[in-house]
Amino acid sequence: MRASADLPDLLLAWYDRHRRRLPWRAEPGSRADPYHVWLSEIMLQQTTVATVGPYFRRFLELWPTVSDLAAADLDPVLHAWQGLGYYARARNLHKCAQAVVARHGGVFPDTEDALLDLPGIGSYTAAAIAAIAFDRPATPVDGNFERVFARLHAVETPLPQAKPMLRDLAAQATPARRPGDYAQAVMDLGATICVPRSPKCMACPWMEPCAARRLGIAEQLPRKAEKAEKPTRYGTAFWIVAPTGAVLLRRRVESGLLGGMMEIPSSAWAGQRHALSAVAGEAPVPGDWRALPGLVRHTFTHFHLELTVVATSAAARPVPGGVWAPLDALGDYALPTLMKKIVRHALAQLGRQ
DNA sequence: GATCCGTGGTG
DNA sequence: TCACCAAGGAT
């Protein structure tokens, strides 16, 4: 009979041979910098390793320590975060750095409870930092953990209902020895072997004890509750260019979608299309609008968006809440991907005329 | 608990 | 093409 105590050892032996080298990961035997661990964990929330790499390195260049980050203005932080998405993470990152300096003298706390009190750090991230940076026996249950343990124990209850059960199963399995390596090992396993589609069971160190593998249902787990269909919203973006070659931008409100980021002004995003004549009044300046051919499409977490772009020229007079940005300096502004798509579309359509 | 919050890769 | 997915948190 195989005792459950064998599970961590099997996995750690595999990890010692297959561990991935990642920019934020310490060399075997040495402990990672808590600042690096925290920064990477925030960036990795719902974001792939490949995407995070360049951002992580850039942030360390700009702000080598948590104190440097705390002393920075929010604007450059949002600018460096542009394209990563979930922009509340960047605002909380900045707040958290300031809290670490103010409350903890610039040194990250080493317990889950203290970490959990910091902005942007939830149950997963608190456990991940405690385990990886401080080698505490914490269990950071992310999507990898849920998938691996749903299969290991053949849990057929769909997510998110199964979350508490999976959390318990994972917590019970966490070893006292090398808990940090163990946590990273489960994540590596989920990222490279126990993947969502076509899991590579023949290469898995947990193939023998895996119940789903035995039952032949590994690929079907974890089951998930059906998601609501995404609605489509429609709007009109206003491309306003001054004779100086400057474009009118606006800063979005702090909270909510793309909070705090810059935008190309647009009408409200409504559930149905509206004619230009119906939305022209929502433009920040009056204009002799020209509709550009084509559409800009973008999909957010919970809705699709289709924007028409209309263009006009206008004198570069001050506009309440507006910023005139030189076309050749748009890179200096924190523009989320949707806004970059609008810029690209407008320049392409106007350039061909 | 349900909803909101981005983006790029993938099969 | 498009639904799914990725080291989740805040409200």
Side-chain angles (χ1 to χ4, degrees), chain A residues 20 22-25 32 36-56 78 81-93 95-96 115-133 138-148 159-164 167 170 180 182-192 194-199 219 222-233 252-261 263 297-305 334-341:
Chain A
R20 292 185 295 171
L22 303 173
W24 44 87
R25 204 169 256 186
H36 297 186
V37 174
W38 164 72
L39 180 59
S40 68
E41 288 299 341
I42 301 298
M43 289 182 167
L44 286 163
Q45 289 167 8
Q46 299 291 289
T47 309
T48 58
V49 164
T51 299
V52 165
Y55 286 89
F56 177 79
L78 288 176
W81 196 274
Q82 68 176 334
L84 250 193
Y86 287 132
Y87 298 97
R89 289 186 296 172
R91 300 194 299 274
N92 284 328
L93 186 85
K95 278 187 209 162
C96 183
L115 288 162
L116 205 44
D117 273 339
L118 293 166
I121 296 184
S123 57
Y124 162 77
T125 305
I129 298 172
I132 298 170
T139 312
V141 181
D142 66 341
N144 290 307
F145 263 82
E146 289 180 342
R147 184 170 59 257
V148 167
L159 288 169
Q161 191 186 339
K163 278 178 178 288
R167 172 177 297 278
Y182 170 81
Q184 295 176 90
V186 175
M187 294 183 209
D188 275 15
L189 189 71
T192 63
C194 197
V195 290
R197 281 170 298 197
S198 304
E219 185 160 15
R223 302 193 193 286
K224 301 203 172 180
E226 287 189 22
K227 292 166 187 168
E229 191 177 338
K230 289 179 182 175
T232 300
R233 297 185 192 169
R252 295 177 62 85
V253 294
E254 272 289 310
S255 62
L257 187 72
L258 307 179
M261 302 293 284
E263 68 171 359
R297 295 179 201 275
H298 193 74
T299 298
F300 291 102
T301 315
H302 50 293
F303 65 93
H304 303 288
L305 179 65
L335 291 172
T337 297
L338 164 64
M339 303 304 161
K340 291 188 173 183
K341 284 186 185 177

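We name chains A, B, ... by the order of the sequence lines, and we start the count at 1 in each one.
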Original post:
When all nucleic acid strands are considered with a 4.0 Å heavy-atom cut-off, which category describes A/Pro140: base, sugar-phosphate, or nothing?
Top reply: nothing
**OP:** Scan A/Thr337 against the nucleic acid and name what it touches under 4.0 Å (heavy atoms): base, sugar-phosphate only, or nothing.
**Re:** sugar-phosphate
Subject >> d(CG, A/Leu84; P, B/dG6) in whole Å >> reply: 12 Å
Original post:
For A/His302 and C/dG8, what is the distance between atoms NE2 and C1' respectively, to the nearest whole Å?
Top reply: 16 Å
Original post:
A/His304 has an atom NE2; how far is it from atom C1' of C/dC2, in whole Å?
Top reply: 8 Å
**OP:** Please measure how far the P atom in C/dA7 lies from the corresponding atom in B/dG11, and state the result in whole Å.
**Re:** 15 Å
Original post:
So does A/Tyr124 reach the base of C/dG8 with its side chain, donor to acceptor, closer than 3.5 Å?
Top reply: no
**OP:** Kindly say whether, by distance alone, the side chain of A/Arg20 makes a donor-acceptor pair under 3.5 Å with the base of C/dA7?
**Re:** yes
**OP:** Could you work out the separation of C/dA10 and B/dG1 based on their C1' atoms and round it to a whole Å?
**Re:** 14 Å
Original post:
Reckon A/Ile42 touches a base, only the sugar-phosphate, or nothing at all at heavy-atom distances under 4.0 Å?
Top reply: nothing
Original post:
Checking all strands, does A/Thr125 fall into the base, sugar-phosphate, or nothing category for heavy-atom contacts under 4.0 angstrom?
Top reply: sugar-phosphate
**OP:** Please work out if A/Gly190 contacts a base, only the sugar-phosphate, or nothing of the nucleic acid, heavy-atom cut-off 4.0 Å.
**Re:** nothing
Subject >> Selection from C/dA6, C/dA7, B/dG11 that lies nearest to any side-chain heavy atom of A/Thr48 >> reply: C/dA6
Original post:
Could you give the CD-to-P distance, from A/Gln45 to C/dC5, as a whole number of Å?
Top reply: 19 Å
**OP:** Could you check whether A/Gly259 gets within reach of a base, just the sugar-phosphate, or nothing at all, counting any heavy atom under 4.0 Å?
**Re:** nothing
**OP:** Mind checking A/Ser40 for me? I need base, sugar-phosphate or nothing, with any heavy atom below 4.0 Å counting as a touch.
**Re:** nothing
Subject >> Distance below 4.0 Å between A/Arg147 side-chain N/O and C/dA6 OP1 or OP2 >> reply: yes
**OP:** For A/Tyr87, answer base if it contacts any base atom (sugar-phosphate contacts may also be present), sugar-phosphate if it contacts only those atoms, and nothing otherwise; contact means non-hydrogen atoms under 4.0 Å.
**Re:** sugar-phosphate
**OP:** Determine the contact category for A/Pro119: base if any of its heavy atoms lies under 4.0 Å from a base atom, sugar-phosphate if only primed atoms, P, OP1 or OP2 are that close, otherwise nothing.
**Re:** sugar-phosphate
Original post:
Looking for any heavy atom pair under 4.0 Å, which part of the strands does A/Leu22 touch: base, sugar-phosphate only, or nothing?
Top reply: base
Original post:
With respect to the side chain of A/Ser123, which nucleotide from B/dT7, C/dG9, C/dA6 is positioned closest?
Top reply: C/dG9
**OP:** Answer with base, sugar-phosphate or nothing: what part of the nucleic acid does A/Trp38 contact at a heavy-atom distance below 4.0 Å?
**Re:** nothing
Original post:
Taking N and O atoms by type only, does the side chain of A/Thr301 place a donor or acceptor under 3.5 Å from a partner on the base of B/dG6?
Top reply: yes
**OP:** May I ask you to say what A/Lys227 touches in the nucleic acid, namely base, sugar-phosphate or nothing, with a heavy-atom cut-off under 4.0 Å?
**Re:** sugar-phosphate
Subject >> Rounded interatomic separation in angstrom, taking CZ from A/Arg91 and C1' from B/dG6 >> reply: 12 Å
